Amino acid sequence: MTIWFNIAEGIEEVVSAIAANLDAFDDNFSPEVRLADPRFGDYQANGVLGFAKRNRQNPRALAEKLIEALRNSNSLDENLIEMSVAGPGFINFKLNKEFLFQWLQSYATKEDYSKAAASRYSGKKIVTDYSSPNSAKQMHVGHLRSPVIGEAIKRMLSYFGAEVIGDNHIGDWGTAFGKLILAIKRKNFDLKAKHDDPLTELESLYKWGNQATDEDPKALEEARNELVKLQNGEEQNVAYWEAINHISNLGFHKIYARLGIEFDYELGESFYRDKVQRVYDELEETGVGEKSEGAWVVFFPDHKRFKKQPFLYRKSDGASNYASTDLATVLYRLEAFNAGEIIYVTDDRQRDHFEQLFLTVEKWFTAKGYKIPKLKHVYFGTILGKDRKPVKSRSGNPILLNDLLNEAVERSLKIVEEKSPDLRDEEKQEIAETVGVAAVRYADLMQNRSSDYVFSWEKLLSLDGNTAPYLLYAIARIKSIFRKIELAVDADLKEASSLETEAEIGLARKLTEFPFALEQALSDLRPHQLCIYLYELAGAYSTFYNADKVNVKYIPVRNRRLMICQRTLLILETGLNLLGIKTLEKM
RNA sequence: GCACCUCUAGCUCAAUUGGAUAGAGCACCUGACUACGGAUCAGGAGGUUGGGGGUUCGACUCCCUCGGGGUGUGCCA
């Protein structure tokens with residue numbers, strides 16, 4: 001019998017194949033194999049219930065029929081997997097310890113894992129669009145989720161074998177620059193002079209410009225003119241614009257470096273400024289776009305909302321907006337990258353925009369006969385304060401990302417000094433940096449992305465319970481055991497006896513669930529599913545660690561426990577790496 | 001106004017997408033071997049899943065309705 005990497009999927013296939021040969025079932029039957037409550041088994045097939053209902057049959061009898069056919073076929077070795085019918089028609093599968101042991105031996109190395117996983121999405125080409133901050137503004141807590149979630153999704157897709165491009169679609173073009181240039185000119189700000197904190201100064205210039213244009217229609221007119229001059233390539237404004245972006249990008253990349261966020265491309269909105277004309281032309285030529293109230297828009301007569309609320313892709317003054325550049329971006333990603341799929345990671349306030357964008361692309365590409373990439377909006381909840389309003393610090397400004405990370409690292413350092421006073425100062429500092437940054441990232445990732453995000457220092461900086469340090473600690477203890485025994489963590493362990501204790505079996509069972517958890521996280525693009533799994537795994541390890549001593553004298557027992565430690569380490573490190581979180585030797 | 005999202009233990013969140021007795025962390029209480037790192041583990045207490053109705057073998061999940069909170073809604077991104 002095959003020892004499948006993803007067990008649920010393996011059972012699913014076997015059951016499907018058997019059902020296909022039974023008269024009682026037809027093509028509409030799907031076994032729906034899921035993880036089961038441990039009281040009943042390891043996996044359960046729920047599909048018989050739904051199928052019986054749809055066809056007005058007795059589910060229990062149908063399940064009996066299916067299980068009998070399964071037994072007769074010998075496709076599942078009953079010495080490895082026990083099966084039974086329960087309740088109204090569930091089919092339960094119980095893996096015995098010999099199966100678990102064989103699984104652990106079949107998938108032993110990093111290469112075994114990545115090879116098994118990479119078959120899933122191989123051949124797919126996917127662009128992930130994440131972070132995408134606006135120039136001339138500092139990143140604050142509101143900018144945390146997109147890069148953190150986006151990086152995790154990119155890495156998971158890549159692990160599954162897809163060819164993934166990470167693109168940072170920086171907001172470096174648009175009306176903000178008119179206001180900024182206005183402010184620079186009126187305040188005589190010297191972009192080339194030395195400034196202590198240039199990005200902060202740019203941000204306050206922008207605020208000044210924004211206020212001025214709000215209060216004074218003449219200033220607004222002037223800002224528009226500056227923008228038009230920039231868009232027409234006027235030399236001085238282009239020079240301002242370049243300097244502004246240079247300063248911004250330096251600031252952004254300091255944060256990315258700290259968080260370990262990596263992009264393949266950073267094609268900002270400005271990159272598409274000479275590509276929007278084609279969008280205008282093609283939308284007009286195909287009749288997808290129309291002129292309305294002076295602007296160019298797309299209506300969707302069949303849509304309950306967008307028949308009245310159009311997608312505005314060219315302003316009445318002829319200028320582009322972010323809809324224009326987003327449209328041009330989709331086309332570029334199709335033609336330059338041959339993207340089969342594009343994933344946007346932004347907050348949920350942009351849901352309407354992306355829905356309209358996707359609908360427009362569909363109409364437009366259909367009319368032109370272009371291949372339509374799969375378009376997905378991976379949205380996340382907004383960051384709120386305790387008052388349910390967008391989060392602010394005491395001064396009224398949002399908390400800066402850099403300050404948040406500094407605080408996290410500081411708190412971690414205190415704990416390191418308390419728990420591990422013997423380490424060198426340098427080492428403590430490095431550990432604190434890793435732990436602090438990991439805690440913040442994990443706190444963000446462990447929460448279902450689509451719910452709103454209530455910011456609290458306490459939550460993002462927590463170091464107890466379901467947090468990154470808990471996972472890192474499990475890793476540090478495993479490594480410590482191997483150091484003590486003076487054995488490499490990937491040493492080939494012969495003479496391992498088969499699993500025996502409750503804690504060993506519990507941990508082994510959890511280990512085999514990794515592919516299922518990963519699949520689940522990826523099917524919905526929800527990294528928190530992986531977090532939940534890793535936390536449960538670390539929990540099962542801690543239970544095991546406290547219950548069964550690893551370094552015992554009797555080698556067959558010691559080796560089987562070491563083997564479980566190795567697999568736990570492998571999965572924890574792989575999983576955290578997929579989430580974009582660095583791991584440690586000691587802490 | 002219209003549309004969408006949301007409401008689960010004191011707090012912060014899960015719940016395998018309609019499955020079996022709704023689970024974790026924090027906080028609180030009780031315990032743990034001088035055995036490999038106690039940033040740990042074992043246990044306890046804590047629930048009318050916002051209210052009401054419906055669909056069915058089965059509902060936190062789907063439908064209706066009422067209420068609380070939030071977001072979006074033609075020239076910001």
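In this text, all values refer to a predicted model and were calculated from it rather than measured experimentally. Reminder, nothing fancy here: chain letters follow the sequence lines and each chain counts from 1.
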Peer 1: What interatomic distance, in whole Å, is found between P of U49(B) and the corresponding atom of A59(B)?
Peer 2: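 After rounding to an integer number of Å, I get 12 Å for this pair.
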Peer 1: Can you check whether any acceptor in the base of A20(B) is under 3.5 Å from a donor in the side chain of Gln44(A), or vice versa?
Peer 2: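 Indeed there is one.
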Peer 1: Quantified in whole Å, what is the P atom distance between nucleotide A9(B) and nucleotide G50(B)?
Peer 2: 8 Å
Peer 1: Donor-acceptor pair, distance only, cut-off 3.5 Å: does the side chain of His353(A) make one with the backbone of Gln350(A)?
Peer 2: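 Absent.
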Peer 1: Counting distance alone, no hydrogens or angles: does the base of A20(B) have a donor or acceptor under 3.5 Å from a partner atom on the side chain of Asn92(A)?
Peer 2: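 Such a pair is found, so the answer is yes.
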Peer 1: Does OP1 or OP2 of C76(B) have a side-chain N or O of His353(A) closer than 4.0 Å?
Peer 2: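 For His353(A), the contact criterion (side-chain N or O under 4.0 Å from OP1 or OP2 of C76(B)) is not met.
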Peer 1: How far, in whole Å, is C29(B) from C36(B) if one measures between their C1' atoms?
Peer 2: 31 Å
Peer 1: Tell me which residues in residues 289-301 of chain A put a heavy atom below 4.0 Å from RNA chain B, sorted by number, or none.
Peer 2: Ser292(A), Glu293(A), Ala295(A), Val297(A), Phe299(A)
Peer 1: Give the residues of residues 51-60 of chain A touching RNA chain B, defined as any heavy atom closer than 4.0 Å, sorted by residue number.
Peer 2: Lys53(A)
Peer 1: Below 4.0 angstrom, N of the basic side chain to O of the carboxylate: do Asp42(A) and Arg509(A) qualify?
Peer 2: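 Yes, Asp42(A) and Arg509(A) are salt-bridged.
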Peer 1: Collect all protein-nucleotide pairs involving nucleotides 1-5 of chain B in which both atoms are nitrogen or oxygen and the distance is under 3.5 Å.
Peer 2:
| residue | atom | partner | partner atom | Å |
| --- | --- | --- | --- | --- |
| A3(B) | O2' | Arg305(A) | NE | 2.6 |
| A3(B) | O2' | Arg305(A) | NH2 | 3.3 |
| C4(B) | OP1 | Lys304(A) | NZ | 3.1 |

Peer 1: Would you mind telling me which residue lines up with the more 5' stretch of RNA chain B, Ala176(A) or Asn466(A), judged by nearest nucleotide?
Peer 2: Asn466(A)
Peer 1: Check side chain to side chain donor-acceptor pair (under 3.5 Å) between Ser135(A) and all other residues, then give those that pass, not counting sequence neighbours.
Peer 2: Asn245(A)
Peer 1: Taking a pair as Watson-Crick (N1 to N3 plus N6-O4 or O6-N4) or G-U wobble (N1-O2 and O6-N3), both under 3.5 Å, which stems of 3 or more consecutive pairs involve RNA chain B?
Peer 2: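 When the pairs of RNA chain B are grouped into runs of at least three, the stems are B:1-7 with B:67-73, B:10-13 with B:23-26, B:28-32 with B:40-44, B:50-54 with B:62-66.
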Peer 1: If you assign each of Arg39(A) and Gln447(A) to its closest nucleotide in RNA chain B, which residue comes earlier from the 5' end?
Peer 2: Gln447(A)
Peer 1: Send over the distance from Trp173(A) CH2 to C76(B) P, rounded to a whole Å.
Peer 2: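 These atoms are roughly 15 Å apart.
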Peer 1: At under 4.0 Å between heavy atoms, how does the protein contact nucleotides 33-42 of chain B? Give one character per nucleotide, 5' to 3', with B, S or -.
Peer 2: --BBBSBBSS
Peer 1: Using the C1' atom on both, measure C28(B) against C11(B) and round to a whole Å.
Peer 2: 12 Å
